[in-house]
Amino acid sequence: MNKKEIEDFLNGKGDFVQIDHLTRFLTRDKPPLEKRKFVFEKLAEIYEKKRMFQEAAKMWNNISLSSLTFKEKMQSYVKEAELFIKAGKFDEADEAVKKALGDAHGPERDSVTKTIKAFYKEQALVYEKENRRSNAAKIYEKLLEMSITPQERQEIKEKLLPLYERLGRVTEYFTLKKS
């Protein structure tokens, strides 16, 4: 089957039926590299749409393993890290970032770290809007562990203090306020 035939076959089917067909296609037919990469991309798209971020991240890892250029691999690892951040799996996100930095060279490394910081900040804002304060606090704590500018550190502290106060984390509140 070529890419067009795969898309036509999947057209009109439910998401979980598509996942089943694509997974069986991978295991049964053992497609060549380009088709396998396409199937992984379709699976990642479906998983992300269904908010199954951890599974989508695994698909992006598979895409990076199927990629030929370092730039494609790096971009796939960054996307994997983004999805692990959305899933709340920070250790796995760190591993994906390490892999992305391993494939990045020179200015690309700075770009990767800036992008990852932006993903963390974006997800923290999502958690704040959803009143998931504990999750937002974890992300801000994670950001404080990263290499950030003094201005960024101050901004994060200003966001973290009210979260600690609302969560009743008095010890952390006063420790952060003193520093």
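Just so it is clear, the model here is predicted, and its values are computed rather than measured.
Note on Tyr164: it clusters hydrophobically with Ile139, by side-chain heavy-atom contacts below 4.5 Å among ILVMFWY residues. Linking Ile, Leu, Val, Met, Phe, Trp and Tyr whenever their side-chain heavy atoms come within less than 4.5 Å puts Leu83 and Phe40 in one cluster.
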* Pair Leu22-Ile46, side chain to side chain contact (heavy atoms under 4.5 Å, CB included): steps then yes or no -> CA-CA 11 Å; Leu22 290 170; Ile46 295 167; 4.0 Å; yes

* Could you check Ile6 against Lys42 for side chain to side chain contact (heavy atoms under 4.5 Å, CB included), going step by step and ending with a plain yes or no? => CA-CA 10 Å; Ile6 293 170; Lys42 291 298 280 183; 5.6 Å; no

* Let me see the working for Lys73 and Tyr77 under side-chain hydrogen bond (donor to acceptor under 3.5 Å, both in side chains), right down to the final yes or no. => CA-CA 6 Å; Lys73 286 179 183 278; Tyr77 287 134; 5.4 Å; no

* When you look at Val78 and Phe119, which way does the side chain to side chain contact (heavy atoms under 4.5 Å, CB included) test go after all the steps? -> CA-CA 10 Å; Val78 168; Phe119 289 149; 3.7 Å; yes

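With respect to the salt-bridge test (charged N to carboxylate O, under 4.0 angstrom), the residues Asp110 and Lys114 do not qualify. Ion pair Glu72/Lys37 flagged as a salt bridge, since at least one NZ, NE, NH1 or NH2 atom sits closer than 4.0 Å to an Asp/Glu carboxylate oxygen. The residues Lys142 and Asp94 are annotated as salt-bridged, a charged nitrogen and a carboxylate oxygen being separated by less than 4.0 angstrom. Ion pairing between a basic and an acidic side chain is recognised when a charged N comes within 4.0 Å of a carboxylate O; Lys89 and Glu92 show no such pairing. Using a 4.0 Å cut-off between charged nitrogen and carboxylate oxygen, Lys79 and Glu41 do not count as a salt-bridge pair. Ion pairing between Glu55 and Lys58 holds under the 4.0 Å rule for side-chain N and carboxylate O. A salt bridge links Lys99 to Glu80: one of the charged nitrogens lies within less than 4.0 Å of a carboxylate oxygen.
Looking at Lys117, Glu155, Gln154 one by one, the single match for side chain to side chain contact (heavy atoms under 4.5 Å, CB included) with Ile148 turns out to be Lys117.
Between Phe9 and His21, the ring-plane angle classifies as perpendicular under the 30° and 60° cut-offs.
Counting heavy-atom neighbours within 6.0 Å of Lys50 NZ, excluding the residue itself, gives a total of 12 or less. Within a 6.0 Å sphere centred on CZ of Arg51, other residues, nucleotides and ligands contribute 12 heavy atoms or fewer. More than 12 heavy atoms of other residues, nucleotides or ligands sit less than 6.0 Å from atom CD of Glu130.
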